[in-house]
Protein chains: 2
Amino acid sequence: MTPLQTKPLAERLEDILRQRLREGFYAPGSRMPSESDLAEEFGISRATVRTVLAKLAARGLVLRRHGEGTYVSAHVQEALTHFGNVWDFNVLIESSGFTPAIRLLARESRPATETEARALALEPGTTLFSFWRLFYADDRPVILANNLCPAALFRQPLEAVDGALHIRELLRRYCQREIAFAVTDIHAVQADALAASHLGKPVGMPLLALDIAFYSQHNEPLAIGRSYFDDTSLRLSLVQAWR
Amino acid sequence: MTPLQTKPLAERLEDILRQRLREGFYAPGSRMPSESDLAEEFGISRATVRTVLAKLAARGLVLRRHGEGTYVSAHVQEALTHFGNVWDFNVLIESSGFTPAIRLLARESRPATETEARALALEPGTTLFSFWRLFYADDRPVILANNLCPAALFRQPLEAVDGALHIRELLRRYCQREIAFAVTDIHAVQADALAASHLGKPVGMPLLALDIAFYSQHNEPLAIGRSYFDDTSLRLSLVQAWR
DNA sequence: TAGTGGTCTAGACCACCCG
DNA sequence: GGGTGGTCTAGACCACTAG
């Protein structure tokens with residue numbers, strides 16, 4: 001049973017405000033109710049309201065002006081594609097207005113190269129599970145991703161793993177691990193034959209390459225990945241706010 | 001006069017903790033003092049300590065475990081190159097361990113194209129100031145940047161403007177404007193002749209292109225820019241933490 | 001002057017982890 | 001059980017912006 005009732009007040013308020021922003025109940029550029037008004041409307045303290053508004057402001061959803069009020073950002077749409085989600089391709093695709101889907105292209109079990117072993121804090125030659133996957137936005141392929149996990153984390157054989165799962169779900173279900181950290185490096189590369197054919201682009205075309213490493217709460221490396229990103233089909237943008 | 005004394009407690013504490021993390025006073029992976037200990041050490045309330053720790057956790061500098069303690073992230077170094085600063089190249093270069101410098105290559109006053117006008121909410125043909133600048137990391141050129149501002153924002157002629165200034169400083173000094181928002185789009189491109197020659201790379205080499213738009217608190221577009229980024233010389237990375 | 005957000009406190013209670 | 005972080009309150013005072 002999921003105790004919905006016990007979700008923290010702050011999170012419940014955040015959900016409600018995000019929904020109101022998404023649906024235009026608070027229109028872009030308009031002024032939102034004051035902290036005191038919101039506190040009264042929901043019967044909670046001003047401090048709790050403030051923690052939520054601070055979070056929304058940090059994400060660029062709202063803009064706060066001292067002595068004046070809280071305003072809905074004119075960039076709500078961009079802010080929904082927030083960069084914190086850069087590794088979470090489903091969210092990225094969804095917030096660009098498309099329906100995401102994942103298709104497993106191939107998987108194999110193979111020994112780690114020296115570079116891979118170093119990134120995963122393993123000995124070279126340790127067995128890895130490799131997944132090649134293609135992300136679709138409304139049936140158009142937009143991201144080619146390769147993920148590598150230490151085979152030792154899995155209790156099931158490779159064939160039993162549902163390769164179309166989100167990496168977070170996959171690690172949770174088969175490895176009983178939660179992602180606590182992700183480190184993403186961004187590079188520009190030219191499409192090789194594999195990426196070009198899957199993304200339907202010419203060989204040599206510039207692509208974004210995202211190198212991601214996932215860690216548990218105990219800094220245990222859980223997986224690494226390299227993903228090729230067609231930035232003409234999908235926008236990668238960051239909204240940053242100050243004050 | 002700058003009233004250092006009146007800086008908020010939370011900010012002063014954050015400065016101190018960041019310094020301790022940077023200098024290894026709290027070693028990577030080790031446990032930090034508890035909230036109560038910090039509150040006592042600095043003679044402030046636990047709530048204030050918490051706001052600071054929450055901020056550091058969101059930036060990936062520390063990791064908090066319920067019922068267990070606050071730990072220094074093993075990724076402090078990467079986290080210092082945090083992506084929130086993606087538009088602030090000086091910070092980016094500095095946090096990669098280099099000394100930043102800016103050199104003005106060229107500047108001109110010219111009418112806006114249709115695309116530029118739209119991005120700046122102006123009529124096509126309105127006069128813009130254009131700055132071409134090169135960012136150095138320890139005397140090695142790493143970023144070629146082009147910035148465009150509406151000329152109407154300036155009270156001085158183009159020649160009087162110090163083109164080696166940080167965009168934030170430039171807008172502050174000559175336009176009396178503060179940057180409140182930045183929206184950054186990331187693309188992969190191939191180096192054209194200009195970028196290649198200034199960055200010392202072959203033509204056609206993949207580069208990162210950052211398209212940035214700066215806005216004031218009132219959503220007034222202040223400047224746009226396109227910057228070419230050599231990702232083999234400078235690392236562009238994002239650390240993301242959950243919980 | 002009135003209303004807003006910004007800062008800070010003191011204290012309560014809860015949920016979690018460990019020895 | 002004792003310590004830790006997580007949540008939340010009530011209320012104080014300050015700093016800023018507007019009409």
Side-chain angles (χ1 to χ4, degrees), chain A residues 1-17 26 30-58 61-73 176 178 180 216-218 241-243, chain B residues 1-17 26 30-58 60-73 176 178 180 216-219 241-243:
Chain A
M1 179 186 116
T2 310
L4 283 175
Q5 191 63 16
T6 67
K7 202 175 180 189
L9 290 179
E11 282 182 39
R12 274 186 278 174
L13 177 59
E14 187 182 341
D15 289 344
I16 292 172
L17 294 186
Y26 302 138
S30 70
R31 214 186 86 168
M32 291 189 48
S34 73
E35 299 180 348
S36 322
D37 287 349
L38 287 171
E40 197 179 347
E41 176 180 354
F42 295 99
I44 60 183
S45 80
R46 202 187 133 208
T48 304
V49 172
R50 276 185 63 73
T51 65
V52 173
L53 289 179
K55 206 165 168 183
L56 296 180
L61 291 168
V62 301
L63 184 54
R64 320 195 69 195
R65 296 197 205 121
H66 193 166
E68 201 179 336
T70 300
Y71 291 79
V72 181
S73 165
Q176 288 75 50
E178 282 290 332
S216 74
Q217 291 233 328
H218 302 276
W242 285 266
R243 303 304 120 197
Chain B
M1 180 188 114
T2 313
L4 283 174
Q5 192 62 15
T6 68
K7 202 175 181 188
L9 290 179
E11 283 183 38
R12 274 186 275 174
L13 177 60
E14 187 181 341
D15 289 344
I16 292 172
L17 294 186
Y26 302 137
S30 69
R31 215 186 84 166
M32 291 190 47
S34 73
E35 298 180 349
S36 322
D37 288 349
L38 288 171
E40 197 179 348
E41 175 180 354
F42 295 100
I44 61 183
S45 79
R46 200 187 136 208
T48 304
V49 172
R50 275 185 62 75
T51 67
V52 173
L53 290 179
K55 206 166 168 183
L56 296 180
L61 290 167
V62 301
L63 184 53
R64 320 195 69 195
R65 295 196 206 121
H66 194 167
E68 202 175 337
T70 300
Y71 291 78
V72 182
S73 165
Q176 287 77 51
E178 282 289 334
S216 73
Q217 291 233 326
H218 301 276
N219 288 315
W242 285 265
R243 300 304 118 200

Report the distance from atom [atom1] of [X] to atom [atom2] of [N], rounded to the nearest whole Å.
| X | N | atom1 | atom2 | result |
| --- | --- | --- | --- | --- |
| A/Y71 | C/dT4 | OH | P | 11 Å |
| B/M32 | D/dT4 | CE | P | 13 Å |
| A/R64 | C/dG3 | CZ | C1' | 14 Å |
| B/K55 | D/dG5 | NZ | P | 20 Å |
| A/L53 | C/dG6 | CG | P | 9 Å |
| B/E35 | C/dG11 | CD | P | 17 Å |
| B/L38 | D/dT4 | CG | P | 11 Å |
| A/L63 | C/dT4 | CG | P | 17 Å |

Handout entry: N/O donor-acceptor pair under 3.5 Å between A/R65 side chain and A/Y71 backbone
Key = no

Distance, nearest 0.5 Å, that separates [atom1] of [X] from [atom2] of [Y]:
| X | Y | atom1 | atom2 | result |
| --- | --- | --- | --- | --- |
| A/R64 | A/L56 | CZ | CG | 9.0 Å |
| B/M32 | B/D37 | CE | CG | 10.5 Å |
| A/L38 | A/T48 | CG | OG1 | 12.0 Å |
| A/L9 | A/T51 | CG | OG1 | 9.5 Å |
| A/I44 | A/R12 | CD1 | CZ | 9.0 Å |

Handout entry: For D/dT7, the Watson-Crick or wobble counterpart (both distances under 3.5 Å)
Key = C/dA12

Handout entry: OP1 or OP2 of D/dT4 under 4.0 Å from side-chain N/O of B/S34
Key = yes

Practice task
Examine D/dG5: is either OP1 or OP2 under 4.0 Å from a nitrogen or oxygen in the side chain of B/T70? Give yes or no.
Solution key: yes

Please list each protein N or O that sits under 3.5 Å from an N or O in nucleotides 16-19 of chain D, with the distance.
unit_1, atom_1, unit_2, atom_2, d
D/dT17, O4', A/G67, O, 3.4

Handout entry: Heavy-atom neighbours of B/E40 CD exceed 12 at 6.0 Å
Key = no

Exercise for the section: Give a yes or no on whether B/E41 atom CD has more than 12 heavy-atom contacts from other residues, nucleotides or ligands under 6.0 Å away. Expected result: yes

Handout entry: Presence of salt bridge, B/E14 and B/K7, under 4.0 angstrom
Key = no

Heteroatom pairs (N/O) under 3.5 angstrom, protein to nucleotides 8-10 of chain C:
unit_1, atom_1, unit_2, atom_2, d
C/dC8, OP1, B/L9, N, 2.3
C/dC8, OP2, B/A10, N, 3.2
C/dT9, OP2, B/S45, N, 2.8
C/dT9, OP2, B/S45, OG, 2.8
C/dT9, OP2, B/T48, OG1, 2.6

